[in-house]
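Working notes, structure below.
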Amino acid sequence: MTDTVLRRRLRREFRARRRALSHLEQQRHAQNASRVFMSSGLALLSRRVSGYFATDGELDPDALIARLRQVGAELVYPVIGERRRMTFRALLKGYALRLNRLGIWEPGGRVAPAAPPWSISIMLVPVVAFDSAGTRLGRGGGYYDAYLNSIGTRRPLLVGYAHACQEADEIPRARWDVPLDAVVTESKLHAFSHRAKRFG
């Protein structure tokens, strides 16, 4: 089995796992994950954080985002532009949301200018699956990896946000994959990089 075929199979398997969670389980995981994040040192680094709007059974960061706003963090969200380029923009007062070409909500209407990559302290990313080496399996579009590979070495701390049931034994890493610094689940903080281990 090739790595490409295995990644496709893992993507199907782990998307099914998170979709199988009940609404109550989803809510409980979201609340617990927000507590895990806020009780870690990550909260101290949260000046400007990129969030996302959960779909397809993803762990919903809304509870965490509410707590981050309470401590003064600024939130920005991914916007898919022309030529598949991704930027991150804050939601302005009186904002509107729109569905992008992937069927995912993003800021629309009155939006702020794009946040410079160096200004984002933590990039919170949705996950289909992750492993103990910090390899992230996403939906397959490659938007986050393309963005991160385009901005050089001064990257935000890359924190996956996932249900514990999304942890895989091993995920084949493609050459363009940017490894996660950490993953927050409803049960614990998994720190992979040296940068992230000081927040554990």
Side-chain angles (χ1 to χ4, degrees), residues 3-4 7-8 10-12 14-15 18 42 45-62 64-65 68-69 73-131 134-162 166 171-184 192-193 195-196:
D3 285 353
T4 301
R7 283 164 67 93
R8 193 177 300 129
L10 289 171
R11 194 172 281 115
R12 285 196 304 269
F14 283 92
R15 286 179 77 176
R18 69 187 187 190
L42 291 173
L45 188 65
S46 301
R47 297 180 303 277
R48 177 178 278 170
V49 179
S50 73
Y52 63 89
F53 295 101
T55 62
D56 193 46
E58 292 167 346
L59 181 59
D60 193 335
D62 279 358
L64 172 60
I65 286 168
L68 288 172
R69 288 192 192 281
E74 181 186 353
L75 273 294
V76 294
Y77 293 85
V79 176
I80 305 299
E82 296 179 0
R83 299 181 183 177
R84 297 166 56 89
R85 290 180 181 163
M86 188 164 68
T87 58
F88 291 85
R89 299 176 187 269
L91 296 173
L92 298 179
K93 189 174 182 179
Y95 70 88
L97 294 177
R98 67 182 178 200
L99 283 172
N100 63 25
R101 69 191 72 171
L102 304 175
I104 300 171
W105 291 107
E106 64 180 23
R110 294 178 62 245
V111 294
W118 51 263
S119 72
I120 301 173
S121 51
I122 292 179
M123 186 171 287
L124 200 67
V125 295
V127 171
V128 171
F130 69 95
D131 66 16
T135 305
R136 169 186 173 265
L137 191 64
R139 291 189 178 201
Y143 290 96
Y144 280 96
D145 290 314
Y147 177 85
L148 291 163
N149 281 311
S150 74
I151 64 176
T153 56
R154 197 173 176 186
R155 294 172 178 160
L157 197 74
L158 192 61
V159 179
Y161 209 58
Q166 293 174 252
I171 300 170
R173 186 177 292 179
R175 59 180 174 77
W176 56 82
D177 283 344
V178 177
L180 296 164
D181 291 295
V183 167
V184 170
F192 307 120
S193 70
R195 281 203 304 165

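- When all heavy atoms of Arg195 and Asp181 are compared, the pair lying nearest together is NH2-OD2, 3.2 Å.
- Across all non-hydrogen atoms, the minimal contact from Leu180 to Val159 is CD2-C, 4.5 Å.
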Mind running side chain to side chain donor-acceptor pair (under 3.5 Å) on Ser121 and Arg47 for me, showing each step along the way?
CA-CA 6 Å; Ser121 51; Arg47 297 180 303 277; 4.7 Å; no
Mind running side-chain contact (heavy atoms from CB on, under 4.5 Å) on Leu64 and Val184 for me, showing each step along the way?
CA-CA 11 Å; Leu64 172 60; Val184 170; over 6 Å; no
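- When atom types are taken as modelled, the side chain of Arg85 and the backbone of Val79 share no donor-acceptor pair closer than 3.5 angstrom.
- Residues Phe88 and Met123 form a side-chain contact, since some pair of their non-hydrogen atoms from C-beta on lies under 4.5 Å apart.
- Looking at every heavy atom in both residues, Ala162 comes nearest to Leu59 through O-CD2, 3.3 Å.
- Side-chain contact between Leu42 and Leu157: present, with at least one pair of heavy atoms (C-beta onward) separated by less than 4.5 Å.
- In this view, Pro179 and Arg173 satisfy the side chain to side chain contact (heavy atoms under 4.5 Å, CB included) rule, not counting sequence neighbours.
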Passes side-chain contact (heavy atoms from CB on, under 4.5 Å), Phe14 versus Val127? Steps please.
CA-CA 9 Å; Phe14 283 92; Val127 171; over 6 Å; no
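- Within the 4.5 Å cutoff, the side chain of Ile122 has no heavy atoms near those of the Pro156 side chain.
- In this structure, OG on Ser50 lies 14.0 Å from CZ on Arg89, to the nearest 0.5 angstrom.
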Per-pair distances, 0.1 Å, donor-acceptor, side chain in residues 141-148, under 3.5 Å, sequence neighbours excluded:
from   : atom 1 : to     : atom 2 : distance (Å)
Tyr143 : OH     : Arg84  : NH1    : 3.3
Asp145 : OD1    : Val178 : N      : 3.0

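- Pro116 has its side chain within reach of Arg48: a pair of non-hydrogen atoms, C-beta onward, lies under 4.5 Å apart.
- The existence of a salt bridge linking Arg15 and Glu58 is excluded, since no basic side-chain nitrogen approaches an acidic carboxylate oxygen closer than 4.0 Å.
- At a threshold of 4.5 Å between non-hydrogen side-chain atoms, the residues Ile120 and Val76 count as touching.
- In this structure, Leu75 and Gly51 approach most closely via the heavy-atom pair CD1-N, 4.2 Å.
- Although no hydrogens or angles enter the test, the distance criterion places a donor-acceptor pair under 3.5 Å between the side chain of Asp131 and the main chain of Ile171.
- Considering all non-hydrogen atoms of both residues, Gln166 and Val128 come closest at NE2-O, 3.0 Å.
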Working for side-chain contact (heavy atoms from CB on, under 4.5 Å), residues Ile65 and Tyr77:
CA-CA 11 Å; Ile65 286 168; Tyr77 293 85; 3.5 Å; yes
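- With contacts defined as side-chain heavy-atom distances shorter than 4.5 Å, the pair Arg136/Asp177 does not qualify.
- Here Tyr52 pairs with nothing under the ring pair (Phe, Tyr, Trp, His ring centres under 6.0 Å) rule; sequence neighbours left out.
- Inter-residue side-chain proximity for Tyr161 and Val183 is flagged as unmet; no heavy-atom pair is nearer than 4.5 Å.
- The heavy-atom pair separating Pro78 from Met86 by the smallest distance is CB-SD, 3.7 Å.
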